[in-house]
Asker: 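Supplied in C-alpha cells, the structure appears directly below.
All chains are named by letter (A, B, ...) in the order of the sequence lines, taking the proteins before the strands, and each is independently numbered beginning at 1.
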There are 2 protein chains.
Amino acid sequence: MMTKDAIIQKLKESGLRVTPQRLAIIEVLIEKGHLHPGAGLIYKEARKKSRSLSLSTTYATINEFSRHGVIKTLQFDGVENRCESNLDEHINLICERCGKIMDYKIRPSVDQKDMTRRTGFVVTNSRLEYYGYCRDCRQDKKRRQVP
Amino acid sequence: MMTKDAIIQKLKESGLRVTPQRLAIIEVLIEKGHLHPGAGLIYKEARKKSRSLSLSTTYATINEFSRHGVIKTLQFDGVENRCESNLDEHINLICERCGKIMDYKIRPSVDQKDMTRRTGFVVTNSRLEYYGYCRDCRQDKKRRQVP
DNA sequence: TATTTTATCTGGAATCATTCCGGACTTCTA
DNA sequence: TAGAAGTCCGGAATGATTCCAGATAAAATA
Ligand SMILES: [Mn+2]
Ligand SMILES: [Mn+2]
Ligand SMILES: [Zn+2]
Ligand SMILES: [Zn+2]
C-alpha cells in the first residue's frame, strides 16, 4: 500500500496534476483500501471530501491510477470491479456470500524465470484469488441450516 | 478436463436432460477447451452442430454447467468471460495483447488447512492468473520497436 | 395412446457497470 | 491576458449478460 505522499509524488513525476478530486480519491484509497473498494464506494466516500466529484471522473481517475501503477483493478463481471491497493504479491480471499475481500500474504512460489524459459510467457502482473466463505458467513450458513 | 461421457453422466445424475443443444456445447467445450472459449465462440461453433441454438441458451447452458462443476467461468470486465474446462489447479497465463490463455501446471503451494485455521476462510474455488505477453506477442513487439 | 407435467429453448427487451463525448472549467506558461 | 494543455462534468452510448413470456420438446401419468 503506497503512502499518500508516494502516490502524489508518482502522479507529479508522470506529469499529472494533483487536483482536489484526485486527492479525495487518493485519501479514500488509503482509508478504505483494505476493503478493496469499488468505483461506487470510492465515489460515495470521495464525494464527502470533494463535493462536486462526478462518477465519470471517479472512473477516469481509477483508470489513470491503475495505468500508472498506483493501484490494480480486480475485474469482475456482473458486479462492480474492485480496487487493489496492496501491491505486494498476495492472495485475495473473496467471500462469495458477502463480497468481502481479504488479503492473505504468501511467499512467491512460482519460479517465473523458469516458467518463462519453458513457455516463452513474460509476466507483468498477477491475480491470485481464492473464492469461498469468510468466517462470519460460514457461521451464518450454519445457523441457517434450519430456516 | 472431463470426458464427454463423464459430463453426460454428471448431467444425468443432476437430473438435467442431455438435449441436442447441450450436447453440441459439450462437444465444443471438449474440442476447443484449451482455447478457454467465451460464449461467443461457443455459440458460433455449437451452432454448426445444432443449427437452431440461440445465444440465450448458450449463456444459460454455460451457467448451468458452471453451477454443476462441469466447467468454471473466468469472469472479466469489458471483454467476454471465458470458460475453463481444466479443473486441475493451475495458473492461467493470459496474454494482454492477443487474449490467448495458456495453462501452466503447478503444484499446490498454499497450505489451505493452515490458512483456514488462521483466517477462518474456507476455499471452494480458486483463480490463479498471470498477465503478460506470450512468446508470439513478445516477438511482435520487438519487431515493432521501429514502426 | 392421449393428457398432463416438467424442463428446455428462443428472440427480443431490459440491465447495469463502464466508457465515450462535447462543452465547460482550471492550471500553466509566456 | 491569451493561448494551450489538462481536467472535469452530465448525459448518452456501449455491450456482454440476464430476464421474460410464450413456444417446444421430452418425461410422467393415466
Ligand atoms: Mn488484496
Ligand atoms: Mn486454464
Ligand atoms: Zn462473507
Ligand atoms: Zn499473445
Asker: How many Å lie between CZ on A/R51 and P on D/dC8, as a whole number?
Answerer: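 So the CZ-P distance, A/R51 to D/dC8, works out to 17 Å.
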
Asker: Hey, could you give me each pair passing salt bridge (Lys or Arg N to Asp or Glu O under 4.0 Å) that has a residue in residues 59-68 of chain A? Not counting sequence neighbours.
Answerer: A/E64-A/R67

Asker: Whole-Å distance between C/dG11 P and B/L53 CG?
Answerer: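 Rounding to the nearest Å, CG of B/L53 and P of C/dG11 are 9 Å apart.
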
Asker: Between residues 4-23 of chain B and DNA chain C, which residues have a heavy-atom gap below 4.0 Å?
Answerer: B/L16, B/R17, B/T19, B/Q21, B/R22

Asker: Does B/R97 make a cation-pi contact with A/F121 (under 6.0 Å, within 45 degrees of the axis)?
Answerer: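 Negative - B/R97 is either too far from the ring of A/F121 or too far off its axis.
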
Asker: Does atom CD (A/Q9) have a neighbourhood of more than 12 heavy atoms from anything else shown, all under 6.0 Å?
Answerer: no

Asker: Would you say the side-chain atoms of A/Q21 and A/T61 include a donor-acceptor pair closer than 3.5 Å?
Answerer: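 No - no donor-acceptor pair under 3.5 Å links their side chains.
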
Asker: Is B/K44 atom NZ crowded by more than 12 heavy atoms from other residues, nucleotides or ligands, each under 6.0 Å away?
Answerer: no

Asker: Is B/R135 close to B/M102 at the side-chain level, that is, under 4.5 Å between some pair of heavy atoms?
Answerer: no

Asker: Quick one: what's the B/S/- string for nucleotides 13-24 of chain C, heavy-atom cutoff under 4.0 Å, read 5' to 3'?
Answerer: ----SBBB----

Asker: Would you say a side-chain N or O of A/T57 is under 4.0 Å from OP1 or OP2 of D/dT7?
Answerer: no

Asker: Decide whether B/H90 and B/E84 meet the rule of one side-chain donor and one side-chain acceptor closer than 3.5 Å.
Answerer: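 Result is yes, a qualifying pair exists.
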
Asker: Any side-chain heavy atom of B/M115 sitting closer than 4.5 Å to one from A/L93?
Answerer: yes

Asker: Just the rounded figure in Å: distance from C1' of C/dC9 to CZ of B/R47.
Answerer: 13 Å

